[in-house]
Structure formats: C-alpha cells, structure tokens
Amino acid sequence: MDERYDPARVERAAQDYWDSRQVFAAREGARGEKYYCLSMFPYPSGRLHMGHVRNYTIGDVLARFMHMRGRNVLQPMGWDAFGLPAENAAMANGVPPAQWTRENIAYMKRQLRSLGFAIDWEREIATCDPDYYRWNQWLFLRMLEKGIAYKKTGVVNWDPVDQTVLANEQVIDGRGWRTGALIEKREIPMYYLRITAYADELLGALDGLEGWPDRVRTMQANWIGKSVGCEIAFPYADDTNEVMGAAGALKVFTTRADTLFGATFMAIAAEHPIALAAAQRDAKLAAFVDECRRGSTMEADVATQEKKGLPTGLHVRHPFTGAPIEIWVANYVLMGYGEGAVMGVPAHDERDFEFAGRHGIAIVGVVKSRRGAYDQVVAPWIHAYGEYGITVDSGEFSGLESEAAVDAIAAKLEERGLGAKRVQFRLRDWGISRQRYWGCPIPLIHCPACGDVPVPDADLPVRLPEHLVPDGSGNPLAKTPEFVDCACPKCGGAARRETDTMDTFVDSSWYFLRFASAGNDHAMVDGRADYWLPVDQYIGGIEHAILHLLYSRFWTRVMRDLELVKIDEPFARLLTQGMVLNHIYYRQEGGARRSYFNPADVEQRDGRSVLILDGEPVVHDGLGTMSKSKGNGVDPQKLVEEFGADTARLFMMFAAPPEQSLEWSDEGVHGAFRFIRRLWKAVHDLVSQGPLPVADFATLDAPQRALRRLTHQTLAKVTDDIGRRHTFNTAIAAAMELLNGAVRIDTSEAAGRAVAREALEVIVLTLSPIIPHVTHALWHALGHERALIEEPWPQPDPAALERELVELVVQVNGKLRGRITVAAGAPDDVVRAAALAEDNARKFINDAPVRKVIIVPGKLVNVVV
RNA sequence: GCCGGGAUGGCGGAACUGGUAGACGCGCCGGACUCAAAAUCCGGUUCUGGCGACAGAGUGUGGGUUCGAUUCCCUCUCCCGGCACCA
C-alpha cells in the first residue's frame with residue numbers, strides 16, 4: 001500500500017474495476033428485490049455544475065447503499081436534450097442545436113463518468129434521438145384518438161419586431177429580450193392535453209404518496225386547487241342584450257354564493273366577448289382593452305400589477321332581485337381561468353373591496369361575522385369581513401349560516417335554471433404546442449381538403465431536420481419546404497406539415513419508463529417496465545415540485561388507461577434536493593438584453609461589485625439557482641482535478657442535508673480532502689505494523705471497550721442516517737468522530753490493533769457509498785480479497801453497545817446546574833437522591849421545598865422548587 | 001400578489017419524538033516539527049463578567065403554551081423555490 005493518497009490513481013483503478021466487470025449493468029430478475037433509483041436527468045447545457053454533483057451524488061449514495069443491502073439496483077442516466085438553450089447557443093455561435101447538444105452530451109458524460117457514479121450506461125437515452133421522440137408522437141396520436149389531446153386557442157408572448165413567439169423567460173419587464181419591443185399577447189391555435197380530466201384522481205392519490213415530502217404534496221394539492229362552489233348566470237339587462245345582439249347571461253363561478261346579495265359589480269377579462277363588443281362603441285374602453293392585451297402572460301406579473309378597471313356602461317340583472325349590476329372590464333380577471341368573469345362583492349372579498357374603493361362602487365354587507373362584531377364594512381379591510389357568518393339583507397335567504405346559505409341559494413338557482421353547484425379546479429389543461437425548432441415535431445398534417453390529419457403510425461417518427469440554425473425570427477421549420485411540404489395521408493393532395501414542436505415537459509414525462517424498456521424498436525414500453533416500475537427512489541430539485549412531477553403523474557395514468565403500464569404512480573419515494581445557489585451579476589445591454597457574469601469573475605471594491613477583467617461595475621441580482629442562463633454555475637471539474645471525485649462527493653454531501661438549499665462556497669473543501677487523507681494514513685499505519693490479528697473482543701480494557709462501543713454506535717447511526725433520514729452530513733460527521741477515536745487507541749498490542757481495525761473497516765464500509773473509490777482501495781489494503789462493492793452492509797453488535805454507567809444532567813427549574821453518573825437502568829428513587837445530592841444543584845435548591853422532580857430516563861433530572 | 005420552504009457562533013451546519021444549544025468540519029489564535037515554508041500533529045475558539053470554580057445572556061423579530069421551547073402556537077421581517085413557454 002502506498003503511504004501517500006493519490007486520488008487520480010485510486011479513482012482510475014476503482015473505475016476500471018467496475019467498468020471491466022459491468023458491475024452496474026442492471027438485469028431484470030437478478031439478485032434480490034428490485035430497487036429503481038433515479039435522479040432527474042440533466043439538460044445538456046455544456047458542463048455539469050454543483051447542483052448536478054449534489055443531485056447525482058445523493059442518488060449514487062442511495063443506489064450503492066441499496067446494492068450493499070442486497071437489492072437489485074437500476075440507476076440509469078440520460079439527457080433532457082430538447083429545449084431553448086440550444087437555440088440560443090445556435091443564435092450566438094451559428095452552430096446547429098443538434099451539434100451543440102450532442103457535443104455537450106459527450107463532454108458531460110465524461111464528467112459524470114469521472115465522478116464514479118454507479119450508472120448503467122447501456123440504457124442511456126437522449127430525448128432528441130428519433131428512437132426516443134417517436135414514442136412521444138405515437139402516444140400523442142393515441143391521446144388524440146381518445147380525446148385527451150385536442151386543439152384550441154391559447155395566449156402567447158408575441159414580439160412584433162422579431163415576428164416571433166417568446167418564452168416567458170425571454171420577456172423582461174414586458175419587453176422582448178433581443179429587440180426591446182413591447183410584447184403583445186396573441187391568440188393562436190395550439191394542442192392541449194386534458195390533464196383536468198384527471199384532476200380529481202391526481203389530487204386524491206396524493207394522500208397515498210407517503211414516500212413524498214409533505215411540502216410537495218401540499219404544493220400539488222394547492223396547484224390542482226379543487227374548489228366546490230356555484231356557477232351563477234346573471235341574465236343580461238336590456239343594454240347588454242342590445243350590444244350582444246341576443247339575450248344571454250353572464251356566467252361566473254364563486255365559492256361564496258352566500259354573498260350573492262352583496263354583488264355590486266361584475267368584472268370581466270379584457271378578452272371577454274362582452275368586453276370586445278362594448279369596446280366597439282367606446283373608444284376609451286377600446287384603448288383599455290388594447291392596453292390589457294399588452295404586457296406579460298405570467299401570473300406573477302398579472303397578480304402584482306396595479307389593478308385597473310373601466311366600466312362598460314352595460315349591465316346584468318341580479319338573479320333574484322333583478323336589480324341592475326354594472327359590468328366592468330378589469331385587468332386582473334383572466335380569460336383562461338373559469339368563465340373569464342367574476343362577481344364583485346366588495347364587502348366580503350379583499351380584492352373586490354380595493355377595486356370598489358378605487359372606483360366608487362357601492363359596498364353592501366350581507367354577512368355578519370360570527371365572532372368579530374362590526375357594524376359596517378369600512379376601510380381599512382379587516383380579516384373578519386371575509387369570514388363565514390350569518391347572512392343578512394339577503395331576501396328569503398337572510399338569517400342562514402353561510403354554509404347553509406350557499407346550499408339554499410344554489411338549490412334555488414338550479415330550480416330557476418340560473419346556476420348550479422359545481423366543482424372548479426385551478427388546474428388548467430396542458431398546452432404543449434411550442435412555436436420552436438428544437439423539439440419533438442407534433443405529428444400532424446394540415447390538408448386544405450381534409451383538415452388536420454394525423455401522421456399514420458407507419459410514418460413515424462416525423463424526423464426533425466438537424467442542420468437548421470435558428471436566427472431568432474420565428475421557427476426555422478416553417479421556412480424549410482423539405483419539412484413543411486408533404487402529401488395528405490388521406491387524400492394524397494398537397495398539404496403542410498405542422499411546424500410546432502412539443503413542450504419539453506412531454507419528453508421528461510415518461511423517460512423513466514423508457515429506461516426500463518431501453519432499445520425496444522417495436523414498442524414504447526415492454527414487460528421490463530412492469531418489473532422496474534414504479535421508481536423506488538426519485539431524486540431531483542425542489543424546483544420541479546409541481547410541473548414536471550404532476551405532468552409525469554398524469555402521463556403515467558394516460559399510459560395506464562391505454563394498458564401500456566400497470567402502475568398509477570410513477571415515483572414511490574421522492575427526495576427533493578435543495579437548490580445550490582450562487583450570486584447573480586449582470587450588465588444591461590441593448591434592448592432588454594442582459595449579459596450575466598460568473599461570481600468567480602466579480603469582486604467587491606469599495607462596497608460595489610465590479611468585473612475583475614475591466615474594473616467596471618456590474619449589477620448584483622441576489623442569489624439564485626446555478627444555471628446557464630444566469631451564468632452563475634460552478635464547474636466541478638477543477639475540484640475533481642485538484643482533489644479527486646471522492647473529495648468532491650464527500651464535500652458536497654457534508655455541506656448540508658440534501659433537502660436544504662445551499663449557498664455555494666468551496667471553503668471547507670480542504671477539510672474533506674484532509675479527512676480522506678487521514679483515513680488513508682490511519683489504514684496505512686495500521687497495516688504497516690504487521691499482520692492484522694484475529695480479535696478476541698471478550699478481554700478488552702476500558703479504552704478498547706469504549707472504542708468498540710463507538711464503532712457499533714457509529715455503524716447504527718450511519719445506517720439510519722443514510723437509509724432512513726438521508727442526512728449524509730451527519731453520517732459523515734459520525735464517521736469522522738469514529739476516525740478521531742480510532743487513531744487515538746494504543747495499537748502496540750494485538751487487542752488494540754484488532755479494535756482499531758474493526759473501527760476502520762466500519763468507516764470504510766459505511767462511507768463507501770459516498771467515497772467509493774478510496775474505500776475500494778482501502779478495503780483491499782485491509783486484507784480483503786473480495787471487492788468492496790460485493791460486500792454486504794454490516795450489522796452492529798448489540799453486545800458492544802452495552803454500558804454500565806450513564807451520565808445525567810441535573811437541572812433546577814429547567815436550568816442546567818450539574819451532572820451525575822449513575823448505573824445504567826438505576827431506579828428513579830436512586831436517580832432522584834443522586835440529583836438532590838449534587839453539590840452545585842444543592843446551592844440552587846437552597847433548602848427550598850422541592851415541588852416536583854422530573855426524570856427523563858438516560859437524559860436528565862429536573863428539580864422544580 | 002398567491003402557494004411552499006428557510007433563518008442557530010466569524011462560516012457550513014448538529015441537536016431525529018418538547019429534555020445538556022453549538023456535534024462534525026472550515027476559518028482563526030497559540031504551540032510542536034522545520035534553516036524556512038507547505039504538509040502534519042497537539043491545545044483553544046458563542047458572547048459578557050471572573051485568575052478560576054462559576055454566573056448571566058443567547059437559536060431572525062415580538063408575544064404565547066410548558067417544570068423545560070432551536071423544536072409547538074400566533075405576529076412581523078428578510079431570504080430561497082414555484083406561479084403553467086427556463087428546465
């Protein structure tokens with residue numbers, strides 16, 4: 001054994017061993033119970049960053065741990081390879097997205113390999129490969145047949161200068177990132193997936209996902225947002241009838257039908273048909289509708305913008321009193337949600353209250369709070385106004401509890417055909433059309449004679465041409481006749497191919513199934529998926545808590561209903577890793593464009609941030625997730641080259657528990673390296689003292705017994721920390737303590753060496769999932785023939801854990817005053833007497849009468865005086 | 001704005017079910033080794049007072065429950081994630 005720890009040599013040797021024996025190639029039915037361990041696959045942005053290292057190390061630790069516990073482990077890896085950054089890179093460098101993406105994949109794969117992850121690379125997939133995305137297309141056609149996929153219009157960000165659709169990310173303060181032009185909303189036809197048809201099931205099944213963090217389940221439940229309420233139709237008054245050209249009614253949805261008699265205005269979206277009709281004869285209104293059309297489609301922007309509204313001069317009639325209620329156009333009402341209209345009840349809804357206050361609309365209180373006594377609803381808004389209570393001034397419904405009033409009003413509305421109880425979800429259908437090049441083509445053909453015609457299965461995949469280079473003005477597919485021009489599959493006439501591509505969330509909604517059916521040319525999934533699925537442990541960033549995970553749950557159910565898989569839920573257990581954060585710095589360029597700078601290139605000078613290169617200031621934009629678009633990623637490559645993969649892995653796992661977000665800093669990386677070197681030296685020193693003795697643990701002296709106890713305590717703790725708690729940082733800390741104990745033991749005699757050896761072996765075995773390379777070498781050095789990866793996980797020896805004496809803390813009135821040592825398992829009266837006799841405690845008891853003594857076994861005694 | 005999460009020494013963090021606050025590591029200070037430096041090893045390190053034994057304070061803010069609160073409840077502040085076309 002070398003005296004010096006040489007990470008590069010050690011890591012090459014270990015990786016060669018694993019590779020040459022195909023240790024991580026998973027086979028269906030081999031070994032014990034299956035364990036499918038999956039980390040979210042990366043977008044191939046160019047280089048790994050520390051968030052990836054964190055994510056994949058967590059997965060690898062669990063995969064290797066379970067391997068040692070005898071499970072048949074599958075840990076695959078692939079590439080979420082379609083998406084916007086490839087198009088941006090193409091615009092910047094003139095390189096086709098396909099080439100850029102494949103080069104990135106090659107580089108990042110080398111990086112992943114150098115980190116020594118126990119991945120079955122035979123199952124690797126990239127979503128930009130036709131062999132993969134043909135099944136997106138195939139399933140989309142099945143959804144179309146079943147009515148799960150359908151076409152309707154949707155709103156997009158339109159850049160009028162570039163004549164192109166922008167992603168939300170490309171809209172900065174309402175302007176296009178390249179052109180700086182004011183963005184408009186534009187309605188275009190798109191394809192949608194009917195996820196709302198599964199809303200109830202997706203919500204209900206959350207209860208059964210016990211292996212998921214509560215916070216994720218809560219977020220999903222809130223996102224689906226089931227509310228039971230009432231649909232109410234307000235018949236048009238004569239003026240509205242006239243403008244709309246026919247009699248009708250304005251429909252709204254409300255959860256507070258009990259406040260119906262307090263409705264003093266109606267608010268409709270700018271795109272609502274009544275708003276459009278009214279705008280035709282009112283220039284001011286037309287200008288306002290136009291203003292609403294500009295600006296962001298993002299909910300966060302809509303929710304924070306100043307709430308504006310304008311009266312239409314038109315009215316509806318109250319369904320019970322017949323009183324006229326004026327219709328307003330409001331910028332906070334969204335056409336895409338509910339009916340695109342809400343009833344305004346200022347007395348009992350905070351947002352309506354503010355709106356009414358600003359526009360001088362009447363406030364009519366119709367519910368009296370049960371607890372808070374208030375006579376009248378007056379500014380400022382208080383919480384009690386919005387509470388349930390007893391209805392007043394509500395005609396025949398007065399004097400009811402709110403809950404009863406909702407039911408009574410709904411029943412009466414239904415009787416009159418003016419409404420009914422209804423369930424409303426916040427969740428909207430999933431729009432999957434993207435007006436972009438680098439994605440999976442939607443397999444449809446538009447024929448002037450036959451309409452929208454699906455591409456026949458036999459013609460799949462519709463291949464994406466890979467040589468195009470986008471220039472920022474629209475989708476290059478639309479300008480490529482070889483792609484667009486085609487024959488109609490039905491009539492054979494000239495037709496145009498659909499040029500929209502699919503949302504990349506489609507790609508990631510089922511990749512975990514394809515890993516389990518890798519290489520099948522004839523089917524999307526096969527029986528192997530039934531063996532491996534569901535994923536036993538899924539690991540990924542908390543930023544995916546809603547969209548990706550919800551879409552995957554939905555897609556899996558669609559495949560279940562098509563009898564392609566047998567599971568309902570794709571992921572049995574979920575670990576949501578916290579973000580790795582770094583500072584964000586940028587400079588404003590032309591248009592709305594910002595160029596970002598890596599924090600490593602920025603320094604603080606006289607209290608401001610400047611670029612080291614030119615000394616000019618940059619704007620600090622807080623902390624954020626490491627990402628390519630913000631330029632704040634940290635490449636692990638230097639770390640691996642300088643200290644090795646084991647140090648990088650150990651440091652990352654030691655820095656914080658996995659679920660916690662983490663501000664990046666490489667302070668402390670020396671500590672991780674130092675620990676590995678200390679462990680190496682400890683093993684080296686022990687084995688160089690001569691042959692390792694066979695242990696007789698029955699005749700140990702006190703320090704040796706103490707070390708043995710520590711060894712087995714540590715083993716139990718590390719097993720629990722890795723296997724149950726997933727707190728790798730505390731597992732590592734415990735192993736460090738054990739090493740501190742092991743190097744202090746006297747090894748001049750055989751018994752001491754035996755106890756030290758046992759301690760070192762426990763460290764090597766239990767840390768092997770985290771630092772697999774160095775432990776692979778050390779295991780051999782400790783005299784073992786068999787490779788560490790083939791060893792089972794060790795069991796603690798209960799006999800080693802026994803102790804005769806325990807130390808208890810003595811408190812007086814809850815304050816720590818002293819310590820006593822008593823026999824383990826001593827009866828309460830003995831413990832009590834010892835505590836009352838403790839010198840320092842006695843000073844604080846000071847002859848006062850003892851009112852109570854609380855004994856927490858093995859921990860403390862609290863004397864209350 | 002809405003939904004979810006977080007805040008503990010100079011720094012990362014520990015305290016798992018309400019029971020010793022600060023494990024482990026970094027940094028820093030002192031010492032050993034060295035011609036010297038690096039590396040390594042030993043000791044110290046929440047703050048205040050005290051030579052010390054020890055005492056007082058202390059887990060973002062303000063309140064509450066409890067014999068006892070970092071942990072439970074309420075209020076506020078700041079930070080992070082998501083908000084449907086970043087992935």
Side-chain angles (χ1 to χ4, degrees), chain A residues 40 42-43 45 80 82-85 88 154 156-157 165-171 213-216 218-223 225 297-305 307 332 336 351 427-436 503-505 508 541-548 550-551 576 578-579 581 622-625 627-630 651 654-657 659-663 665 667-672 674-675 677-678 681 720-721 724-725 727 729-730 732-737 740 807-816 819 840 843 851-854 856 859-860 862-865:
Chain A
M40 289 180 186
Y43 178 80
S45 55
D80 189 11
F82 276 136
L84 206 49
N88 296 337
V156 294
N157 303 306
V165 175
L166 297 184
N168 284 336
E169 188 189 49
Q170 298 171 315
V171 180
D214 285 341
R215 58 169 162 164
V216 176
T218 306
M219 278 190 264
Q220 292 218 347
N222 291 338
W223 183 262
T297 59
M298 283 180 265
E299 188 193 297
D301 291 340
V302 174
T304 49
Q305 75 190 348
K307 287 173 189 50
Y332 63 86
R351 196 169 56 175
L427 181 68
R428 310 199 292 260
D429 275 341
W430 175 12
I432 59 157
S433 295
R434 298 290 180 269
Q435 296 68 42
R436 269 185 256 297
D503 180 6
T504 55
F505 276 124
S508 55
I542 183 67
E543 77 273 26
H544 293 296
I546 295 174
L547 292 180
H548 161 61
L550 192 63
Y551 291 148
T576 44
M579 303 286 82
L581 308 175
L623 283 167
T625 305
S627 74
K628 187 170 183 75
S629 63
K630 295 287 163 73
F651 172 63
F654 187 56
E659 307 230 85
Q660 197 166 305
S661 61
L662 176 67
E663 186 181 337
S665 158
E667 274 179 39
V669 70
H670 282 274
R674 202 174 294 159
F675 168 74
R677 208 161 47 187
R678 252 159 60 80
K681 184 172 181 298
D720 188 50
D721 283 353
R724 179 182 64 90
R725 298 177 66 210
T727 52
N729 56 329
T730 54
I732 294 164
M736 286 173 166
E737 276 184 272
N740 290 341
E807 190 184 62
L808 300 184
V809 160
V810 180
Q811 295 182 340
V812 178
N813 289 336
K815 278 187 187 277
L816 174 65
R819 289 161 203 279
N840 199 46
K843 282 197 290 188
R851 290 201 290 147
K852 202 165 26 161
V853 177
I854 293 151
V856 181
K859 292 236 162 117
L860 64 74
N862 187 15
V863 181
V864 185
V865 295

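Residue numbers begin at 1 in each chain, while the letters A, B, ... track the order of the sequences.
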Rounded [atom1] spacing from [N] to [M] in Å:
N: B/C35; M: B/U46; atom1: C1'; result: 40 Å
N: B/U71; M: B/U20; atom1: C1'; result: 15 Å
N: B/U75; M: B/G4; atom1: P; result: 13 Å
N: B/G1; M: B/U65; atom1: C1'; result: 33 Å
N: B/C80; M: B/U66; atom1: P; result: 38 Å
N: B/A14; M: B/A7; atom1: C1'; result: 16 Å
N: B/G68; M: B/G56; atom1: P; result: 16 Å
N: B/A15; M: B/A69; atom1: C1'; result: 13 Å

Separation of [N] [atom2] from [X] [atom1] (nearest whole Å):
X: A/Arg677; N: B/C41; atom1: CZ; atom2: P; result: 8 Å
X: A/Leu581; N: B/G5; atom1: CG; atom2: C1'; result: 12 Å
X: A/Gln660; N: B/A14; atom1: CD; atom2: C1'; result: 11 Å
X: A/Leu816; N: B/A69; atom1: CG; atom2: P; result: 14 Å
X: A/Arg428; N: B/C83; atom1: CZ; atom2: C1'; result: 9 Å
X: A/Met219; N: B/A84; atom1: CE; atom2: P; result: 15 Å
X: A/Leu547; N: B/G4; atom1: CG; atom2: C1'; result: 14 Å
X: A/Gln305; N: B/G1; atom1: CD; atom2: P; result: 14 Å

Closest to the [X] side chain: [options]?
X: A/Asn729; options: B/A14, B/G19, B/U20; result: B/A14
X: A/Asp720; options: B/A14, B/C16, B/G81; result: B/C16
X: A/Gln811; options: B/G4, B/G19, B/A84; result: B/G19
X: A/Glu299; options: B/G82, B/C16, B/G1; result: B/G1

Under the rule for side chain to side chain contact (heavy atoms under 4.5 Å, CB included), what residues qualify as partners of [X], not counting sequence neighbours?
X: A/Lys630; result: A/Ile584, A/Tyr596, A/Ser627, A/Asn632
X: A/Thr576; result: A/Pro213, A/Arg215, A/Val216, A/Ile542, A/Leu574, A/Glu659
X: A/Leu547; result: A/Trp223, A/Phe505, A/Tyr551

Please tell me if [X] has a side-chain N or O lying less than 4.0 Å from either OP1 or OP2 of [N].
X: A/Lys815; N: B/C54; result: no
X: A/Arg725; N: B/A15; result: yes
X: A/Thr504; N: B/A87; result: yes

5' priority, RNA chain B, between A/Val856 and A/Ser433 [closest heavy atom]: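 It is A/Val856, whose closest nucleotide lies nearer the 5' terminus.
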Comparing A/Asn157 and A/Lys307 on RNA chain B - which has the more 5′ nearest nucleotide: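 Counting from the 5' end, the first nearest nucleotide belongs to A/Lys307.
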NZ/A/Lys307: more than 12 non-hydrogen atoms of other groups inside 6.0 Å: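 Above 12, so yes.
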Greater than 12 external heavy atoms within 6.0 Å of A/Glu667's CD: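 At most 12 heavy atoms, drawn from other residues, nucleotides or ligands, come within 6.0 Å of this atom.
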NA contact type, [X], heavy-atom cut-off 4.0 Å: base, sugar-phosphate, or nothing?
X: A/Gly624; result: sugar-phosphate
X: A/Val864; result: sugar-phosphate
X: A/Arg215; result: sugar-phosphate
X: A/Thr304; result: base
X: A/Ser508; result: nothing
X: A/Leu623; result: sugar-phosphate
X: A/Val156; result: base
X: A/Pro42; result: nothing
X: A/Trp223; result: base
X: A/Asn862; result: base
X: A/Ala655; result: sugar-phosphate
X: A/Phe505; result: base

Anti or syn - B/G9, cut at 90° from 0: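 Syn.
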A/Lys859: partners by side-chain hydrogen bond (donor to acceptor under 3.5 Å, both in side chains), with sequence neighbours left out: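 Result, side-chain hydrogen bond (donor to acceptor under 3.5 Å, both in side chains) vs A/Lys859: none returned.
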Check: A/Ile854 main-chain N/O paired with A/Asn862 side-chain donor or acceptor under 3.5 Å: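 Between the backbone of A/Ile854 and the side chain of A/Asn862 there is no qualifying donor-acceptor contact (under 3.5 Å).
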For the atom pair [atom1] ([X]) and [atom2] ([Y]), what is the distance rounded to the nearest 0.5 Å?
X: A/Asp214; Y: A/Met219; atom1: CG; atom2: CE; answer: 10.5 Å
X: A/Ile546; Y: A/Gln220; atom1: CD1; atom2: CD; answer: 7.0 Å
X: A/Met736; Y: A/Phe654; atom1: CE; atom2: CZ; answer: 4.0 Å

If you take atom types as modelled and just measure distance, does the side chain of [X] reach the base of [N] with a donor-acceptor pair under 3.5 Å?
X: A/Glu659; N: B/G5; value: no
X: A/Asn813; N: B/C67; value: no
X: A/Arg851; N: B/C67; value: no

Check: [Y] and [X] side chains under 4.5 Å, non-hydrogen atoms:
X: A/Val156; Y: A/Gln435; result: yes
X: A/Lys628; Y: A/Asn88; result: no
X: A/Thr504; Y: A/Tyr43; result: no

Residues A/Asp80 and A/Ser508: side-chain donor-acceptor under 3.5 angstrom: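 The criterion, which ignores hydrogens and geometry beyond distance, is not satisfied for A/Ser508 and A/Asp80.
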Watson-Crick and G-U pairing of RNA chain B, under 3.5 Å, as dot-bracket with | and [ ]: (((((((..(((......[....)))((((((.......))))))((((....))))..(.(((..]....))).))))))))....
For nucleotides 24-26 of chain B, which of its nitrogen or oxygen atoms have a protein nitrogen or oxygen under 3.5 Å away, and what is each distance?
{"from": "B/G25", "atom 1": "OP1", "to": "A/Asn740", "atom 2": "ND2", "distance (Å)": "3.3"}
{"from": "B/C26", "atom 1": "OP1", "to": "A/Arg674", "atom 2": "NH1", "distance (Å)": "2.6"}
{"from": "B/C26", "atom 1": "O2'", "to": "A/Gly668", "atom 2": "N", "distance (Å)": "3.4"}

